[in-house]
Undergrad: 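Let me give you the structure first, and then I'll get to my questions.
Below, chains carry the letters A, B, ... as their sequence lines are ordered, and counting in each starts from 1.
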Amino acid sequence: MESAPSDRELAVRVAGGDASAEAELVRRLAPRVRLYGLRHLRDASAADDLVQEALVLTLERLRAGRVRQPERLASFVFGACRLLVRNQRRGQRRRGALLERFAGDLDRQAVPDPLRLDAKRLRECLSRLAERERGVLVLTFYAEEPAGAIAARLGLSLDNVRTVRHRALGRLRQCVEGSAA
Amino acid sequence: MSSCSTPLADGLVLDWWTGEQGAAEARRVERHLLSCGSCAARAQGLAAVSEGVRALVREGRLPAALSPSVVERLRGEGRRIREYRVAPGGGVQCTVGPDDDVVLARLAADFAGVTRVDLVRRGEDGAEQRLADLPFDPASGELIFSPPVDMLRAMPASVERMRLIAVEPQGERLLGEYTFDHTPWPGRAGA
């Protein structure tokens with residue numbers, strides 16, 4: 001079986017003008033950049049903006065031969081993400097000049113749809129958890145409270161909260177993936 | 001997808017997602033996630049759960065005991081909250097409006113010395129549902145329960161009784177009983 005090209009191979013091919021390599025790189029990197037954006041911006045549309053900006057910047061630099069170490073592509077993308085998130089936090093949400101110039105070059109068809117869970121199934125699975133497990137997940141993901149704060153609020157130990165959270169996520173994953181009756 | 005020779009532990013990914021690790025460790029995790037398809041896919045699964053939970057809470061569709069901090073966040077996000085505060089032994093006429101995002105039953109009780117609380121819901125047909133070991137904030141003096149709004153909207157006029165029960169080593173103790181006399185919003189199904 002033919003193995004998938006490495007990030008480095010794709011980067012080199014993009015630098016050589018290979019459009020199919022660009023599409024593959026976008027397909028590969030878009031979900032990872034979106035994840036970074038969701039973690040730091042906690043907003044789906046802001047994360048989508050980050051995907052576009054970071055990939056346009058990456059492709060433009062690769063095409064221009066300005067990524068000197070293609071084997072360190074992830075480090076370049078990481079640096080771009082950090083910079084762009086910092087700019088977004090400073091309120092610079094306007095589309096940058098680079099994006100204005102090159103956004104049309106980005107193959108949007110290659111950007112995969114974000115992973116979304118079926119809401120009905122997720123609710124069913126959450127309803128099957130113990131009340132305490134569900135409550136800890138709500139405090140973690142909706143209220144964004146760290147384990148220490150949840151422990152203090154619910155009169156539990158830190159280890160207990162982390163255990164409940166870990167177990168709840170494991171059971172939820174099994175249920176959502178359909179392996180639990 | 002290629003496998004990973006140095007996969008990140010689930011706990012490490014969760015700590016990254018929740019921001020519970022130092023800056024250097026977070027950067028290490030981020031670099032790995034940007035270069036590793038299989039670990040990134042696992043992290044995307046976690047992110048999807050996180051997004052899904054947030055949406056269900058925001059839309060008032062998850063049956064759950066909520067903390068005051070969750071209620072404040074909902075309010076801060078501009079969600080429309082209908083709430084009913086009921087004292088032990090008390091009752092209330094209740095409904096759910098077409099614009100309500102979240103409905104809350106705020107059940108007052110004295111939780112001094114209580115470590116475990118169960119909520120028993122009893123419908124008009126006498127059927128009981130027991131929700132065991134609810135998370136609660138003992139200092140708040142109330143348990144906030146959010147029934148799913150879509151289910152409330154489908155309910156006909158009916159009376160539901162709730163009981164809060166402290167579960168203690170020496171047995172169970174009633175903390176309060178609360179009556180909800182539900183009427184559908186005029187013009188809605190079941191009205």
Undergrad: Taking every non-hydrogen pair under 4.5 Å, which of L126(A), D118(A), I150(A) racks up the most with chain B?
TA: L126(A)
Undergrad: Is it the side chain or the backbone of R162(A) that comes within 4.5 Å of chain B heavy atoms, both, or neither?
TA: side chain
Undergrad: Among L172(A), L154(A), T140(A), which residue has the highest count of heavy-atom pairs closer than 4.5 Å to chain B?
TA: L154(A)
Undergrad: Between E142(B) and S140(B), do the side chains contain a donor N or O and an acceptor N or O under 3.5 Å apart?
TA: no
Undergrad: For the interface with chain A, which of T115(B), L33(B), L131(B), D10(B) has the highest count of heavy-atom pairs at distances below 4.5 Å?
TA: L131(B)
Undergrad: With only heavy atoms counted, which part of D118(B) is less than 4.5 Å from chain A, the side chain, the backbone, both or neither?
TA: neither
Undergrad: What part of L119(B) gets closer than 4.5 Å to chain A, counting heavy atoms only: side chain, backbone, both or neither?
TA: neither
Undergrad: What part of A147(A) is in contact with chain B, defined as an atom under 4.5 angstrom from a non-hydrogen atom: side chain, backbone, both or neither?
TA: both
Undergrad: Check this for me, if you would: do R75(B) and D101(B) make a salt bridge, where the nitrogen-to-carboxylate-oxygen distance has to be below 4.0 angstrom?
TA: no
Undergrad: With side chains defined as the heavy atoms from C-beta onward, is the minimum distance between H40(A) and R86(A) less than 4.5 Å?
TA: no
Undergrad: For L56(B), is it the side chain, the backbone, both or neither that has a heavy atom under 4.5 Å from a heavy atom of chain A?
TA: side chain
Undergrad: Measure distances from L14(B) to the heavy atoms of chain A and classify the residue's part below 4.5 Å as side chain, backbone, both or neither.
TA: side chain
Undergrad: Select, from P68(B), G11(B), P148(B), S67(B), the one with the greatest count of heavy-atom pairs under 4.5 Å involving chain A.
TA: S67(B)
Undergrad: Side chain, backbone, both or neither: which part of A119(A) has an atom under 4.5 Å from a heavy atom of chain B?
TA: both
Undergrad: Looking at L169(A), L29(A), V136(A), which one has more heavy-atom pairs under 4.5 Å with chain B than the rest?
TA: L169(A)
Undergrad: When you look at CZ of R72(A), are more than 12 heavy atoms from neighbouring residues, nucleotides or ligands closer to it than 6.0 Å?
TA: no
Undergrad: So for A43(B), is it side chain, backbone, both, or neither that comes closer than 4.5 Å to the heavy atoms of chain A?
TA: both
Undergrad: Using a distance-only test with no angle check, is there a side-chain donor-acceptor pair under 3.5 angstrom linking D43(A) and S45(A)?
TA: yes
Undergrad: Do you know which of R165(A), R82(A), R34(A), R28(A) has the most heavy-atom pairs with chain B at a distance under 4.5 angstrom?
TA: R165(A)
Undergrad: Just checking, any donor-acceptor pair under 3.5 angstrom between side chains of W16(B) and Q21(B)?
TA: no
Undergrad: Under a 4.5 Å heavy-atom cut-off, does chain B meet the side chain of S75(A), its backbone, both or neither?
TA: both
Undergrad: E22(A) and side-chain hydrogen bond (donor to acceptor under 3.5 Å, both in side chains): which single residue from R27(A), R63(A), R13(A) fits?
TA: R63(A)
Undergrad: Return the option, out of A65(B), G19(B), A139(B), with the maximum number of heavy-atom pairs under 4.5 Å with chain A.
TA: G19(B)
Undergrad: Would R54(B) and E144(A) satisfy salt bridge (Lys or Arg N to Asp or Glu O under 4.0 Å), going step by step from the backbone distance to the final call?
TA: CA-CA 10 Å; R54(B) 287 157 66 100; E144(A) 297 184 332; 2.9 Å; yes
Undergrad: Checking side-chain polar atoms at under 3.5 Å, does D18(A) have a donor or acceptor matched by the opposite partner on S20(A)?
TA: yes
Undergrad: Would you tabulate the side-chain donor-acceptor contacts of residues 44-53 of chain B under 3.5 Å, counting partners in other chains and residues two or more places apart, or write 'none'?
TA:
residue, atom, partner, partner atom, Å
Q44(B), NE2, A40(B), O, 3.4
S50(B), OG, W17(B), NE1, 3.1

Undergrad: Where does R134(A) contact chain B at under 4.5 Å (heavy atoms): side chain, backbone, both or neither?
TA: side chain
Undergrad: Mind ranking H166(A), E145(A), R42(A), E133(A) by heavy-atom pairs under 4.5 Å with chain B and telling me who comes out on top?
TA: R42(A)
Undergrad: With a 3.5 Å cut-off and no angle check, do the side chains of S6(A) and E9(A) form a donor-acceptor pair?
TA: yes
